[in-house]
Amino acid sequence: MEERKLLHSFLAKSQKGLPPRTMKDSYIEVFLPLGSQPELREKYLTVQNTVRFGRILEDLDSLGVLICYMHNKIHSAKMSPLSIVTALVDKIDMCKKNLSPEQDIKFSGHVSWVGKTSMEVKMHMFQLHGNDFSPVLDATFVMVARDSENKGPAFVNPLILESPEEEELFQQGELNKGRRVAFSSTSLLKMAPTAEERTTIHEMFLNTLDPKTISFRSRVLPANSVWMENSKLKSLDICHPQERNIFNRIFGGFLMRKAYELGWATACNFGGRPFIVAVDDIMFQKPVEVGSLLFLSAQVCFTQGNYIQVRVHSEVASLQDKEHMTTNVFHFTFMSEKEVPLVFPRTYGESMLYLDGQRHFKSMSAPVTLKRNYVVEP
């Protein structure tokens, strides 16, 4: 960090002082040679002989940061004056392809949209099948640039668009930004549920009333259903220095992996062996310090057919003051091979979690058809 203080002189006073870059400037392809280098498999292998998706989340986070450093590269400096950090995982959509631990994987990506201090990164993952690489997932991350000591925002290089396809990608980035603002403004933490949502909750409440009594307090669980409060799992981790980044904070990919693995276990406990379908709206609200206690709480908040929507809440506490602070909320959409029970809220707070889960489920790009060989697990 002492060395990074000397890099302040390389920071631009405004975005106009930075040379524009193209999408090609930040484009990169990275190979994960699981097939050709078997010694790598141990880190990625599950007990079911599939690939750990939590490890893939770590790789995507690292790749997103690398792409942004390439976009903002200063050739005259040995080290970048920028501190690139992950602000948001906007969306990860899985394709209908299997993931084998014995075939090479390819990642590709580039910067697709640029603001003044933030960048959107599009990444794709493929796996070798025969002689061709088949698509596995598409991911959209939002990264922000900070100064060399990670204390304040820093300007990033503007983006030049060279083709109609690139203009379309950039416009999609603008739409994504608008969608996130709209989604945030209608958050159930800020606004009351819509009329349709209120009707949904009231109908669920009526379905749990005991028909033998005329009382709002007497509640019974409908057939093939589970109370939401009984769908929780929790975990505790100590954030060791091994998981830190260059800024002496805990690596965001590690947090995503731990949250995903708890979310997968929660879905597995609820409805049998699950498969990840989508990840969306992971906001990194606060950095996690080395030595913190990481409290994760996962809960099934919405189900429909074979789908299980899991919300994972992340809190940290220091060993000194014991005060708990929310750092992240993760949203994972899983699919089971069989139809899963309905989940019913008991309280108003749980009803809001149910509606929030329903909103995230509906925001999924498209329903996924589960294939027998679709095997993506922790």
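Nothing fancy with the numbering, it's 1 onward along the sequence. Below, each value reflects all heavy atoms present in this structure, side chains not excepted, and no hydrogens, waters or symmetry copies.
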For [X], which residues count as a salt bridge (charged side-chain N to carboxylate O under 4.0 Å, His left out) partner, sequence neighbours excluded?
X	result
K258	D237
E289	R249
R346	E229

(message) Show, in sequence, the C-alpha distance, side-chain angles and deciding distance for M94 and I276, and conclude whether the side chain to side chain contact (heavy atoms under 4.5 Å, CB included) test is met.
(response) CA-CA 7 Å; M94 303 298 299; I276 185 66; 4.3 Å; yes

Working to the nearest 0.5 angstrom, can you tell me the gap between [X] [atom1] and [Y] [atom2]?
X	Y	atom1	atom2	value
C68	N72	SG	CG	7.0 Å
F275	C268	CZ	SG	10.0 Å
K286	T327	NZ	OG1	9.5 Å
T303	M228	OG1	CE	9.0 Å
S235	L296	OG	CG	4.0 Å
Q299	K232	CD	NZ	5.0 Å

Does either side chain, that of [X] or that of [Y], offer a donor lying less than 3.5 Å from an acceptor on the other one?
X	Y	answer
H331	D280	no
E29	Y27	yes
T86	D61	yes

Could you tell me whether a side-chain N or O of [X] sits under 3.5 Å from a main-chain N or O of [Y], the two making a donor and an acceptor?
X	Y	result
R41	P101	yes
N157	P19	yes
R311	D356	no
T50	T46	no
Y69	I84	yes
S185	A182	yes
R257	E58	no
S118	V114	no
W227	F344	no
T266	L262	yes

(request) Test side chain to side chain contact (heavy atoms under 4.5 Å, CB included) on V279 and M256 and set out the steps. (result) CA-CA 10 Å; V279 181; M256 284 195 282; over 6 Å; no

(message) Would you say CD1 of I28 has more than 12 non-hydrogen atoms from neighbouring residues, nucleotides or ligands within 6.0 angstrom?
(response)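 Enclosed.
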
Would you say [X] and [Y] make side-chain contact, with heavy atoms under 4.5 Å?
X	Y	value
P341	S225	no
F361	Q304	yes
D138	T140	no
L63	V30	yes
W264	P274	yes
L294	L255	yes
F270	S336	no
F205	S351	no

On a heavy-atom basis, which atom in [X] and which in [Y] lie closest, and how many Å separate them?
X	Y	answer
A154	D147	CB-N, 3.9 Å
A139	L60	CB-CD1, 4.3 Å
R219	P345	NH2-O, 3.5 Å
V111	H71	CG2-CB, 3.7 Å
V121	G64	CG2-O, 4.1 Å
S100	Q127	O-NE2, 2.5 Å

Could you state whether [X] and [Y] fall into the same hydrophobic cluster, counting links through intermediate Ile, Leu, Val, Met, Phe, Trp or Tyr residues with side-chain heavy atoms under 4.5 angstrom apart?
X	Y	value
V156	I160	no
M191	L355	no
F155	W113	no
I67	L161	yes
L45	I56	no

(request) Sequence neighbours left out, what passes side chain to side chain contact (heavy atoms under 4.5 Å, CB included) with L206? Give chain and number order. (result) H202, L209

Residues clustered with [X], ILVMFWY side-chain links under 4.5 angstrom:
X	result
V329	none
M283	L88, V142
F31	F126, L128, F133
V181	none

Taking the six-membered ring for Trp, are the ring centroids of [X] and [Y] within less than 6.0 Å of each other?
X	Y	answer
Y307	F334	no
H324	F295	yes
F183	H360	yes

(request) Enumerate the residue pairs fulfilling side chain to side chain donor-acceptor pair (under 3.5 Å) with a member in residues 30-40, sequence neighbours excluded, ordered by first and then second residue. (result) S36-D104

Mind jotting down which residue pairs meet the salt bridge (Lys or Arg N to Asp or Glu O under 4.0 Å) criterion with at least one end in [range]? Sequence neighbours excluded, please.
range	value
residues 107-124	none
residues 190-205	E197-R359
residues 164-187	D90-R179, D90-R180

(request) Evaluate the side chain to side chain contact (heavy atoms under 4.5 Å, CB included) criterion for residues T326 and H313: first the C-alpha distance (whole Å), next the side-chain angles of each, then the deciding distance (0.1 Å), finally the verdict. (result) CA-CA 8 Å; T326 298; H313 184 257; 3.0 Å; yes

(request) Name the orientation class of the two ring planes belonging to Y260 and F332 (parallel below 30°, tilted from 30 to 60°, perpendicular beyond 60°). (result)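 Perpendicular: the ring planes of Y260 and F332 meet at over 60°.
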
